[in-house]
Amino acid sequence: MAILEILHYPDPRLRNTAKPVEKVDESIQTLVKDMFETMYQAPGIGLASIQVNVAKRVIVVDVSEDHDQPLCFINPEIISSEGEETMDEGCLSVPGYYETVQRADKIRVKALNEKGEAFEMDADGLLAVCIQHEIDHLDGKLFVDYISPLKRNRIRKKLEKAAKV
């Protein structure tokens with residue numbers, strides 16, 4: 001297993017759109033393991049493959065306190081959503097910044113697991129928000145896209161300045 005480099009906003013590669021995984025093979029399984037290791041080490045509760053510069057539709061999530069409920073979603077697709085949840089969100093690709101974002105409170109998602117088996121699951125609260133956040137990454141969208149252009153610009157400039165140091 002390996003710790004992967006996490007891209008930071010405003011890196012243009014974060015705007016790439018991930019392609020569907022054609023076959024869950026050993027390379028995808030290794031990617032999933034490396035993504036979990038990277039996410040836990042960061043530390044974070046979710047990570048999308050786009051954030052580690054891999055343009056495949058893979059996300060990993062674990063919102064548990066003890067990091068004992070790892071979830072892998074390959075080719076995830078939200079098939080239903082309801083309600084609204086407003087929550088402060090952060091992102092491993094936008095380190096040190098948190099902003100209030102509104103998302104669906106309850107979702108049903110379908111995907112493949114790390115063995116290539118299809119499944120569907122219901123999620124609500126923090127888990128639902130995290131899944132939506134990570135799927136956004138696969139579509140080239142960041143949580144800062146939900147905030148005002150002024151705030152987004154301020155964050156971008158601060159992160160660009162920090163990267164030069």
Side-chain angles (χ1 to χ4, degrees), residues 1-21 27-65 67 69-78 81 84-105 107 109 111 114 123 125-165:
M1 294 198 298
I3 301 293
L4 306 171
E5 180 187 353
I6 297 173
L7 303 176
H8 291 145
Y9 178 74
D11 191 310
R13 294 173 290 180
L14 289 167
R15 299 301 186 176
N16 290 339
T17 302
K19 305 282 185 253
V21 172
S27 69
I28 295 297
Q29 292 167 339
T30 299
L31 173 65
V32 168
K33 288 175 188 164
D34 291 347
M35 286 175 62
F36 273 119
E37 187 173 353
T38 302
M39 178 186 74
Y40 289 136
Q41 191 264 343
I45 61 171
L47 187 66
S49 56
I50 284 289
Q51 293 176 272
V52 293
N53 199 28
V54 176
K56 297 192 182 291
R57 295 191 74 79
V58 178
I59 65 172
V60 296
V61 173
D62 188 343
V63 298
S64 68
E65 293 277 327
H67 298 154
Q69 296 172 25
L71 297 169
C72 167
F73 300 85
I74 298 170
N75 298 335
E77 185 182 332
I78 295 172
S81 62
E84 289 181 354
E85 176 81 41
T86 301
M87 197 176 283
D88 277 353
E89 289 187 26
C91 180
L92 295 175
S93 290
V94 190
Y97 292 90
Y98 298 87
E99 292 293 338
T100 303
V101 176
Q102 189 172 54
R103 297 192 186 268
D105 178 47
I107 62 168
V109 63
E114 61 275 8
L126 180 60
L127 179 57
V129 167
C130 188
I131 292 168
Q132 291 169 85
H133 175 111
E134 300 309 330
I135 289 174
D136 271 357
H137 276 297
L138 300 180
D139 297 324
K141 191 169 187 177
L142 299 167
F143 86 97
V144 294
D145 296 336
Y146 290 93
I147 63 176
S148 74
L150 181 67
K151 278 186 177 180
R152 185 170 48 250
N153 225 6
R154 194 175 299 145
I155 291 170
R156 182 182 53 77
K157 286 181 179 176
K158 286 181 180 177
L159 288 174
E160 284 175 340
K161 185 176 179 183
K164 291 178 184 172
V165 174

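Note: hydrogens, waters and symmetry copies are ignored here, and every other heavy atom, side chains too, is used. No experiment lies behind these values; they were computed from the predicted model shown.
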Considering only heavy atoms from C-beta outward, does the side chain of [X] approach that of [Y] to under 4.5 Å?
X	Y	result
Met35	Val54	no
Tyr9	Arg152	yes
Pro70	Met39	no
Val144	Glu99	no
Thr100	Met87	no
Val61	Gln69	no
Ser81	Arg103	no

Aromatic rings Phe36 and Tyr40: how do their planes relate, parallel, tilted or perpendicular, breaks at 30° and 60°?
parallel
* Asked: Does Lys151 count as lying over the ring of Tyr146, i.e. NZ or CZ under 6.0 Å from the six-ring centre, within 45 degrees of the axis?
  -> no
From [X] atom [atom1] to [Y] atom [atom2], the distance as rounded to the nearest 0.5 Å:
X	Y	atom1	atom2	result
His137	Gln132	NE2	CD	13.0 Å
Ile131	Asp136	CD1	CG	12.5 Å
Asp62	Cys72	CG	SG	12.0 Å
Leu142	Leu14	CG	CG	5.5 Å

Practice problem: Start with the C-alpha gap between Arg156 and Glu160, add the side-chain angles, then the distance that decides, and say whether salt bridge (Lys or Arg N to Asp or Glu O under 4.0 Å) holds. | Solution: CA-CA 6 Å; Arg156 182 182 53 77; Glu160 284 175 340; 3.1 Å; yes
Test side chain to side chain contact (heavy atoms under 4.5 Å, CB included) applied to Thr38 and Leu92, step by step: CA-CA 10 Å; Thr38 302; Leu92 295 175; over 6 Å; no
*Would you mind checking if Asp11 and Arg13 are paired as a salt bridge, meaning a charged N to carboxylate O distance below 4.0 Å?*
yes
